[in-house]
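What follows is a short report on a single structure.
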Amino acid sequence: MMQLSLPEHTPLQPGQSAPGRRPRLLVVDDQPANIQALHRVFAADCQVLMATHGARALQLCRERQPDVVLLDVQMPGMDGHELCAELKADPLLRAIAVIFVTSQDRPEDETRALDAGAADFITKPFNPTVVRARVRTQLTLKAQSDLLRTLAFVDGLTGVYNRRHFDERFLAESGRAQRTRSPLGVALADVDHFKHYNDALGHLAGDDCLRRVAGTLRACLRRPTDLLARYGGEEFVCLLPDTDLAGAIGVAQLMEERVRSLALPHPGVGGCVTISLGVSAGCQADGLVEAADKALYIAKAAGRGRVSW
Ligand code: GH3
Ligand code: MG
Ligand code: MG
Ligand code: MG
């Protein structure tokens, strides 16, 4: 069975709702009375967030990642259609299901909403039982797509992100680093003499070791935007947005020390398990991973169990 253990601090990516948490609903309407009416329908089963204008709703979506948004159309400032378009254009918010709840009931209103990516369209005055049923359907679909995304982006052995997700995030963060002229840090970590570890203790013990190392590396990350992924066999990669070389070296050194402190016996080398790390950073993402890889090679050649850059 696949182990799904996303770290507490990891921002919920589209699709990665924490297992077992209550469904999260955001009600957006400029009329507090409408919000209260929907709050009454869902308060018992869902965590209900509320916003009376589009900008606040967008902020709540970014910070709290609701599963479903119940969205009024006519609001001062950003209207429902505009908010829906913003959500669907953002890769981190796209998975949130949008249900319009509106008194605009012409077919063209409904078509426009569905074309813009809305999951459903409910007209006011609404029937609470029908609204509940429709929201329940969207919550079920959302949970299924969350699970699929988790399966697609999380490494089955270690529970950290996989290479595919790293590649996707690296692309997005590279663009951002270049646009905002903020440095992007990369650290590549590789378990030392891991072939000997497997040879001495067996592959299952090797798997356990990789899980322990992955959990230790993950615990070294502090910011919600930091990301750890399994890069390949016994290699992990760490993506550190808004982090310069000195900052990235600091994270890598902490990782090296923490893995060493695990004091996992490594009979293959007559000591404990260690990792080597290569670090790079810059606003220009081209070649960052390659530079970290070169630095990793230098750390290995210099005796392993150390950080190079
Ligand atoms: P170095 O210090 O130079 O990195 O030496 P190394 O032995 O760690 O490097 P090498 O690339 O020679 O061997 C990597 C080993 O990692 C070989 C491979 O069987 C093992 N490995 C890769 N993926 C897994 C895995 O999922 N589980 C286990 N148990 N072992 C794995
Ligand atoms: Mg309104
Ligand atoms: Mg390796
Ligand atoms: Mg190795």
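Order of appearance sets the numbers: ligands from 1, and atoms from 1 within every ligand.
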Sub-4.0 Å atoms of ligand 1 with respect to non-hydrogen atoms of [X]:
X	answer
Gly233	22 (C), 23 (N)
Arg304	1 (P), 2 (O), 3 (O)
Lys195	6 (P), 7 (O), 8 (O), 13 (O), 15 (C)
Gly206	29 (N)
Arg230	23 (N), 24 (C), 25 (C), 26 (O)

Protein N/O/S count near the Mg ion (ligand 4) (criterion: distance under 2.8 Å) | 3

Under a 4.5 Å cut-off applied to non-hydrogen side-chain atoms, are Pro23 and Asp45 in contact?
-> no

State, yes or no, whether a side-chain contact exists between Phe166 and Leu239 at a heavy-atom distance under 4.5 Å.
->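 The answer is yes, as the side chains (C-beta and beyond) meet within the 4.5 Å cut-off.
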
Return yes if some donor-acceptor pair links the side-chain N/O of [X] with the main-chain N/O of [Y] below 3.5 Å, else return no.
X	Y	value
Arg181	Ala177	no
Arg134	Asp120	no
Arg230	Asp155	no
Asn162	Ala152	yes
Arg163	Ala229	no

Taking atom 25 (C) of ligand 1 as the point of reference, which of Asn198, Asp190, Leu210 owns the nearest heavy atom?
-> Leu210

Would you confirm whether any non-hydrogen atom of the protein falls under 4.0 Å from atom 29 (N) of ligand 1?
-> yes

Evaluate the criterion side-chain contact (heavy atoms from CB on, under 4.5 Å) for residue pair Cys238 and Leu227; output intermediate values, then yes/no.
-> CA-CA 6 Å; Cys238 185; Leu227 177 130; over 6 Å; no

Part of Asp207 within contact of ligand 1 (heavy atoms, under 4.0 Å) = both

How does Val191 reach ligand 1, if at all, at less than 4.0 Å between non-hydrogen atoms: by side chain, backbone, both, or neither?
-> backbone

How far is [atom] from the closest protein heavy atom, and which atom is that?
atom	answer
atom 16 (O) of ligand 1	Glu234 CG, 3.1 Å
atom 1 (P) of ligand 1	Lys300 NZ, 3.4 Å
atom 8 (O) of ligand 1	Phe194 N, 2.7 Å

side-chain contact (heavy atoms from CB on, under 4.5 Å) between Leu26 and Leu70, intermediate numbers included = CA-CA 6 Å; Leu26 170 61; Leu70 292 173; over 6 Å; no

Residue that, paired with Lys124, satisfies side chain to side chain donor-acceptor pair (under 3.5 Å) out of Asp72, Asp105, Thr102 = Asp72

is_close_aromatic(Phe100, His81), centroid dist under 6.0 Å | yes

Non-hydrogen atoms of Glu235 versus ligand 1: any pair closer than 4.0 Å?
-> no

Take Ile96 and Asp67, measure what side-chain contact (heavy atoms from CB on, under 4.5 Å) needs, and give me the verdict at the end.
-> CA-CA 5 Å; Ile96 299 172; Asp67 298 296; over 6 Å; no

